[in-house]
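The structure under discussion appears below in the form of structure tokens.
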Amino acid sequence: MSTIPPVIAIDGPAASGKSTVGKLVAETLGFLLFDTGALYRAVTLTALRRGIPIEDEACISDLARTIHIDLIPSQEKDGRPYTVLVDGEDLTWAIRSEPVDAHVSAVSAYPGVREALKHQQRRIAWQGKVVMAGRDIGTVVFPEAPLKVYLDATPEVRARRRCEELRARGEEADFDEILAGVRRRDAIDSTRAMAPLRIADDAVVINTDDMTVDEVVDAIVQLARERFDDPA
Ligand code: CDP
Ligand code: CDP
């Protein structure tokens, strides 16, 4: 029997802080951050660029099985938590664009897409010392994870965070539109048949509405130090 590797699963809805907090937790503990949303975004962007209709489930599932996505630590100083390469091309910012936001939940509801990406995620998790962020890490992708965290915040707080983030990057942001998009994605992600967004029975829920990033990071690092023998 193999021992379960040190993995921290961080799930939660859009803009609850998974990647920002996850990156800092990973840095503190000497772990790697693996943000699984980037995989679904990369498949969606590639489908849009190749003109594959989002309704074409078979074709999009094939695409998920064949494209090569790498998440690698970044040297760039433009605020990116990591670099995303799709078939070798740097698409780190392109996967965060509005058309991808609008279609990614439809793409990620396809069982063929989820199955293809699940294999890649489990392979990474088994390498250990990883903070894996997503929607279904603690419930489906790696239910063995010794520490599961569910980050939450109201849709309004999350939409405000997303607006501030876009404006900080010099992009335009309309609060009402972003709030509607966040709610729409929450609804699709939580009601899809396969691997819906839900809190794992053994997850620690952190409501981040009134917490700073550093406070959330400290809480998770504390849990990791209690849970793992030598998390650094
Ligand atoms: O950053 P944000 O929370 O807005 O989104 P993300 O984590 O990049 O995820 C984008 C979309 O991918 C989500 O809305 C989900 O539809 C899908 N996703 C998923 O289904 N399962 C995951 N483990 C991660 C993301
Ligand atoms: O990955 P996910 O979509 O869950 O969230 P994110 O991309 O990390 O974005 C969250 C945004 O909210 C970032 O701009 C953070 O600086 C900010 N924030 C946070 O993550 N946690 C808090 N407690 C407060 C603010």
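Read the numbers this way: they start at 1 and go in the same order the structure lists the ligands and their atoms. Only this structure's heavy atoms are used, side chains among them; waters, hydrogens and symmetry mates stay out.
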In ligand 1, the atoms that come under 4.0 Å of a heavy atom of D189 are 13 (C), 14 (O), 15 (C), 16 (O)
Among all protein heavy atoms, pick the one closest to atom 12 (O) of ligand 2 and tell me residue, atom and distance. R161 CD, 3.0 Å
Identify, by atom number and element, the atoms of ligand 2 in contact range of P13, meaning under 4.0 Å from any of its heavy atoms. 4 (O)
Whether G12 lies under 4.0 Å from ligand 2, heavy atom: no
In terms of atom number and element, which parts of ligand 2 are under 4.0 angstrom from non-hydrogen atoms of V216? 23 (N)
Which atom of R227 lies closest to which atom of P146, heavy atoms considered: NH1-O, 3.2 Å
Quick one: do the D189 and S105 side chains pair a donor with an acceptor below 3.5 Å? yes
Based purely on interatomic distance, does Q121 place a nitrogen or oxygen under 3.5 Å from a nitrogen or oxygen of ligand 1? no
Of all the atoms in ligand 2, which lie at a distance below 4.0 Å from a heavy atom belonging to M211? 22 (C), 23 (N), 24 (C)
Assess whether a salt bridge exists between D136 and R114, defined as any Lys/Arg side-chain N lying under 4.0 Å from an Asp/Glu carboxylate O. yes
Just distances here: any N/O of R162 and N/O of ligand 2 closer than 3.5 Å? yes
State whether the shortest distance between N or O atoms of T36 and N or O atoms of ligand 1 falls below 3.5 angstrom. yes
Proximal candidate to atom 1 (O) of ligand 2 [heavy atom criterion; set S19, P81, G37]: S19
Which one holds for T212 and ligand 2: side chain close, backbone close, both close, or neither close, with close meaning a heavy atom under 4.0 Å? backbone
Backbone or side chain, does any N or O of V21 fall under 3.5 Å from an N or O of ligand 2? no
